[in-house]
Amino acid sequence: MIELYPAGHSFTVGQKQFTAESIIRFATKFDPQPFHMDEEAAKSYVFGALCASGWHTCAEWMRCFVDYWTAESARLMKEGVAPPKVGPSPGFKDLQWLKPVYAGDTITYTVTMLESRPLASRPGWILNHSRNEGTNQNGEPVMRFTAALLEFE
């Protein structure tokens with residue numbers, strides 16, 4: 001990825017609009033707290049209104065990233081460039097949920113490459129680090145994390 005996306009390079013991987021229905025559907029399955037599941041009950045919590053689970057915002061980042069990389073790989077192949085094989089991730093750190101995501105918000109997800117380095121223990125493998133963010137329609141960051149992603153031949 002370092003040849004295609006050098007350190008400092010940023011790119012948008014997608015957007016997601018959060019609806020009350022999608023927030024409630026996700027929360028019902030994975031994070032059943034009142035402020036994620038009940039618009040009326042949410043008014044009495046610190047957020048003041050129905051808002052998405054932080055895990056929901058992260059899951060939508062992942063969906064956007066996978067869709068982006070699938071399309072980007074197809075584009076590169078069409079241009080005669082072999083796309084790097086990427087994944088899995090050995091982990092992430094510094095996850096922050098900076099601002100609530102409310103019903104009606106549209107979140108734009110971005111990736112900024114931080115560094116890439118070959119793995120001495122695995123010839124032909126590269127460890128990539130990136131800062132990954134979600135920003136709402138007002139330009140306010142709502143989530144951020146640093147991720148590691150393996151690249152191999």
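Every heavy atom of this structure was used, including side-chain atoms; hydrogens, water molecules and symmetry mates were not. What you see is a predicted model; the values in this text were computed from it and never measured.
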ILVMFWY network linking M62 to L95, side-chain heavy atoms under 4.5 angstrom:
yes
Side chains of W125 and L127, heavy atoms from C-beta outward: is any pair under 4.5 Å?
no
Enter the distance from R25:CZ to M37:CE here, rounded to the nearest 0.5 Å.
13.0 Å
N136 side chain to N138 backbone, donor-acceptor under 3.5 Å
yes
Quick one: pull up OH in Y68 and CZ in R75 and give me the separation to the nearest 0.5 Å.
7.0 Å
Can you list everything that forms a ring pair (Phe, Tyr, Trp, His ring centres under 6.0 Å) with Y102? Sequence neighbours excluded, please.
none
Under 4.5 Å between side-chain heavy atoms, counting indirect links through other Ile/Leu/Val/Met/Phe/Trp/Tyr residues: same cluster for M113 and F92 or not?
yes
Y109 and side chain to side chain contact (heavy atoms under 4.5 Å, CB included): which single residue from T135, N132, T12, T57 fits?
T57
With side chains defined as the heavy atoms from C-beta onward, is the minimum distance between F30 and S53 less than 4.5 Å?
no
Hey, any chance M143 and V66 share a hydrophobic cluster, counting ILVMFWY side chains that come within less than 4.5 Å of each other, even indirectly?
yes
P83 and E72, any side-chain heavy atoms less than 4.5 Å apart
no
Interatomic spacing from CZ in R131 to CG in L114 - rounded to 0.5 Å:
6.0 Å
Out of curiosity, does Y45 fall in the hydrophobic cluster containing I24 (side-chain heavy atoms, cut-off under 4.5 Å, transitive links)?
no
Lys/Arg-Asp/Glu bridge criterion (N-O < 4.0 Å) met for R63, E60:
no
Got a salt bridge between E115 and R117, using NZ or NE/NH1/NH2 to carboxylate O under 4.0 Å?
no
Closest non-hydrogen contact found for D31 with W55 is OD2-CD1, 4.1 Å
Can you measure from CD (E40) to CG (L50) and round to the nearest 0.5 angstrom?
11.0 Å
For T19 and A103, which heavy atoms make the closest approach, and how far apart are they?
C-CB, 4.1 Å
Quick one: closest heavy-atom pair of V111 and S130, and the distance?
CG1-CB, 3.7 Å
Using atom types as modelled and distance alone, determine if a side-chain donor or acceptor of H36 lies under 3.5 Å from a backbone N or O of C51.
yes
Under the side-chain hydrogen bond (donor to acceptor under 3.5 Å, both in side chains) criterion, do S73 and W69 qualify, and how do the steps go?
CA-CA 6 Å; S73 293; W69 190 249; 3.2 Å; yes
Between P100 and V142, the two heavy atoms sitting closest are O-CG1, 4.4 Å
For residues A20 and E39, report the shortest heavy-atom separation together with the two atoms involved.
CB-OE2, 3.9 Å
How long is the span from the OG atom in S89 to the CZ atom in F65, to the nearest 0.5 Å?
9.5 Å
Stepwise side chain to side chain contact (heavy atoms under 4.5 Å, CB included) check, I23 with V101
CA-CA 9 Å; I23 290 169; V101 173; 5.6 Å; no
To the nearest 0.5 Å, atom OH of Y5 lies from atom CZ of F11 at 5.0 Å
Any heavy-atom pair between the side chains of S116 and I126 that's under 4.5 Å?
yes
Looking at side-chain heavy atoms only, is the closest gap between I107 and C64 below 4.5 Å?
no
Residues G54 and W97: closest non-hydrogen pair is O-NE1, 3.1 Å
For F18, what residues pass the ring pair (Phe, Tyr, Trp, His ring centres under 6.0 Å) criterion, not counting sequence neighbours?
H56
